[in-house]
Novice: 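One structure, as structure tokens, below. Some questions next.
Positions are given from 1 along the sequence.
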Amino acid sequence: VGHNWLSDLELLKYLDEADHECLIDDWLEQEGLGWVVAKSNAGKTNFIIDMAYHIASGLPWYGNKVKQGHVYYFALEGGKKGIAKRVMSIATAKCELFDKAIGRIHIDRDDFDLSQDGDTDRIIQEMTETRNKPSMIIYDTLSEANQGARENNIDDMKAVFRRLRRIVKECNCFVMVLHHFGKNIEAGGRGGSNQFASLDTEITLEETEHGFSARDTKQRDLPKHSKPLYFQGREIELQNEGGKKFSGIIIEEGEASSP
């Protein structure tokens, strides 16, 4: 089988006919590979679940237009109760967001291993066959999704990122992974620099006095924002149908504050 060479005229025609709408306006393309990187316990999971519900609902994400679609979320860290509480927090405090997203959020807690082809082949087949085509697939976290790979081994992680790219290409969606900073935060996410080079978008969360900020610290084809978004967490009381009460946290847009 030969290569699929494209002429310059075919590329110009593609730009005339292509859908240029973003998944999240000026933040995420419809197709691409990105990660959300932060220190442990900085709010990554709350941030990405909130983003997932905005995509699934089609409601604007903090002033940015959203293209509505299905979100598939691999919750590989933490327990089922933790994820359930985060979902209930959205249902309790952000009712419209929750109601408009019903049927478009899909959560799986089964193991997923990007260090070999089997799970990659299966998710591609599943997404190809389903009527509910993915707009975003989330892996929380990268380290939990590559159990067989050595994080600091360039060849191992090149193979992991090739599989992530294959999922992007064959599922025609945005793939987002959650990742941790290394010991030297200035050096970015844990692992080799080739991982950063593979990304289309990097969103960095940094703790502030009242919560955290979110900044797009890398964009391959979109302009980076000059200012971050600021968020704060708010604790709310939850109650199940049996009357059991417990606490949850939602994120809301906050004000600029210092680290």
Side-chain angles (χ1 to χ4, degrees), residues 18-38 42-73 75 83 86-107 132-138 140 168 171-178 199-206 208 210-236 248-257:
D19 180 1
H20 296 286
E21 186 178 2
C22 289
L23 182 58
I24 297 180
D25 206 20
D26 294 331
W27 280 82
L28 301 179
E29 298 268 29
Q30 287 189 50
E31 293 184 26
L33 174 61
W35 72 23
V36 176
V37 62
K44 293 188 298 297
T45 298
N46 287 330
F47 175 82
I48 201 64
I49 287 179
D50 185 83
M51 178 184 281
Y53 268 92
H54 278 85
I55 293 170
S57 69
L59 293 176
W61 183 73
Y62 303 100
N64 300 279
K65 182 182 176 183
V66 169
K67 184 177 177 65
Q68 187 178 32
H70 288 264
V71 179
Y72 293 82
Y73 175 55
I83 293 297
R86 288 180 169 95
V87 170
M88 182 177 275
S89 296
I90 297 283
T92 301
K94 299 186 176 184
C95 304
E96 184 183 11
L97 192 70
F98 182 81
D99 290 343
K100 289 183 179 294
I102 289 176
R104 294 187 179 88
I105 291 280
H106 314 271
I107 299 173
N132 300 322
K133 301 301 183 188
S135 289
M136 177 179 277
I137 298 174
I138 300 165
D140 182 2
V168 169
C171 297
N172 301 308
C173 69
F174 198 98
V175 172
M176 184 73 86
V177 298
L178 273 59
L199 301 173
D200 298 305
T201 299
E202 176 185 70
I203 298 177
T204 300
L205 307 187
E206 295 183 349
T208 63
H210 302 300
F212 64 90
S213 65
R215 184 191 296 273
D216 51 343
T217 40
K218 179 181 179 181
Q219 293 284 11
R220 190 183 302 277
D221 294 317
L222 293 172
K224 292 195 297 184
H225 293 78
S226 59
K227 297 180 180 179
L229 293 176
Y230 290 92
F231 297 90
Q232 59 188 21
R234 177 165 66 90
E235 188 171 322
I236 61 173
I249 294 177
I250 61 164
I251 65 168
E252 299 173 324
E253 192 166 10
E255 297 180 356
S257 57

Novice: When rounded to the nearest 0.5 angstrom, what is the spacing between CG in Leu28 and CD1 in Ile203?
Specialist: 5.0 Å
Novice: Taking atom CD1 of Ile249 and atom CD1 of Ile236, what is their separation to the nearest 0.5 Å?
Specialist: 9.0 Å
Novice: So do His54 and Leu97 actually touch side chain to side chain, heavy atoms under 4.5 Å?
Specialist: yes
Novice: Which atom pair, heavy atoms only, marks the closest approach of Ser213 to Thr208?
Specialist: N-CG2, 3.8 Å
Novice: Can you find a pair of side-chain heavy atoms, one from Leu178 and one from Thr45, that are under 4.5 Å apart?
Specialist: yes
Novice: Dump the intermediate steps for side-chain contact (heavy atoms from CB on, under 4.5 Å) on Asn172 and Lys133, then the final yes or no.
Specialist: CA-CA 9 Å; Asn172 301 308; Lys133 301 301 183 188; over 6 Å; no
Novice: Evaluate side-chain contact (heavy atoms from CB on, under 4.5 Å) for Leu205 paired with Lys44, printing each intermediate quantity in order.
Specialist: CA-CA 7 Å; Leu205 307 187; Lys44 293 188 298 297; 4.1 Å; yes
Novice: Between Thr92 (side chain) and Ser89 (backbone), is there a donor-acceptor pair under 3.5 Å?
Specialist: no
Novice: Less than 4.5 Å apart, side chain to side chain, heavy atoms only: is that true for Tyr62 and Ile251?
Specialist: yes
Novice: Just one of Leu59, Val87, Val71 clears the side-chain contact (heavy atoms from CB on, under 4.5 Å) bar with Tyr53, so which one?
Specialist: Val87
Novice: Just by modelled atom types, is the Glu21 backbone N or O under 3.5 Å from a matching donor or acceptor in the Gln30 side chain?
Specialist: yes
Novice: Considering non-hydrogen atoms only, spot the tightest contact between Ala93 and Arg234 and give its length.
Specialist: CB-NH2, 4.2 Å
Novice: Might you work through the ring-ring contact (aromatic ring centres under 6.0 Å, His included) test for Tyr230 and His210, ending with a clear yes or no?
Specialist: CA-CA 9 Å; Tyr230 290 92; His210 302 300; over 10 Å; no
Novice: If you define the side chain from C-beta out and look only at heavy atoms, does anything of Met136 sit under 4.5 Å from Leu23?
Specialist: yes
Novice: Within the 3.5 Å criterion, strictly below it, is a donor on Asn46 or Arg86 matched to an acceptor on the partner's side chain?
Specialist: yes
Novice: Within the distance-only criterion (no hydrogens, no angle test), does the side chain of Asn64 pair as donor or acceptor with the backbone N or O of Trp61 below 3.5 angstrom?
Specialist: yes
Novice: Side-chain contact, heavy-atom cut-off 4.5 Å: Asp140 with Met176?
Specialist: no
Novice: Any chance you could measure Met88, atom CE, to Phe98, atom CZ, to the nearest 0.5 Å?
Specialist: 9.0 Å
Novice: Where do Ile105 and Ala52 come nearest, in terms of heavy atoms and distance?
Specialist: CD1-O, 3.7 Å
Novice: What is the distance from atom OG of Ser135 to atom CZ of Arg104, rounded to the nearest 0.5 Å?
Specialist: 9.5 Å
Novice: Would you check if Ile107 and Tyr72 make a side-chain contact, meaning some heavy-atom pair closer than 4.5 Å?
Specialist: no
Novice: Taking Gln232 for its side chain and Gly254 for its backbone only, find out whether a donor-acceptor pair lies under 3.5 Å.
Specialist: no
Novice: Look at the rings of Phe47 and Phe231 and say which category their plane angle falls in: under 30° parallel, 30 to 60° tilted, over 60° perpendicular.
Specialist: perpendicular
Novice: Is the ring pair His70/His106 parallel, tilted or perpendicular, if the boundaries are 30 and 60 degrees?
Specialist: parallel
Novice: Using every non-hydrogen atom in the two residues, find where Trp27 and Arg215 come nearest and quote the distance to one decimal.
Specialist: CZ3-C, 4.4 Å
Novice: Take Ile24 and Met51 through the side-chain contact (heavy atoms from CB on, under 4.5 Å) test and state the conclusion after the steps.
Specialist: CA-CA 9 Å; Ile24 297 180; Met51 178 184 281; 3.8 Å; yes
Novice: Determine, step by step, whether Ile49 and Ile83 satisfy the side-chain contact (heavy atoms from CB on, under 4.5 Å) criterion, reporting the C-alpha distance in whole Å, the side-chain angles of both residues, the deciding distance to 0.1 Å, and the verdict.
Specialist: CA-CA 9 Å; Ile49 287 179; Ile83 293 297; 4.2 Å; yes
Novice: Decide yes or no for Lys218 and Thr201: does some side-chain heavy atom of the first lie under 4.5 Å from some side-chain heavy atom of the second?
Specialist: no
Novice: Which heavy-atom pair separates Asp216 from Asp26 by the least distance, and what is that distance?
Specialist: OD2-O, 4.5 Å
Novice: How about Glu252: does its CD atom have over 12 heavy atoms from other parts shown lying under 6.0 Å from it?
Specialist: yes
Novice: Are Lys224 and Thr217 packed together at the side-chain level, in the sense that at least one heavy-atom pair is separated by less than 4.5 angstrom?
Specialist: no
Novice: In Å, rounded to the nearest 0.5 Å, how long is the span from CD of Glu206 to CZ of Phe212?
Specialist: 12.0 Å
Novice: Please check: side-chain N/O of Arg220 versus main-chain N/O of Leu199, any donor-acceptor pairing under 3.5 Å?
Specialist: yes
Novice: Shortest non-hydrogen contact from Gln68 to Ala56?
Specialist: NE2-O, 3.0 Å
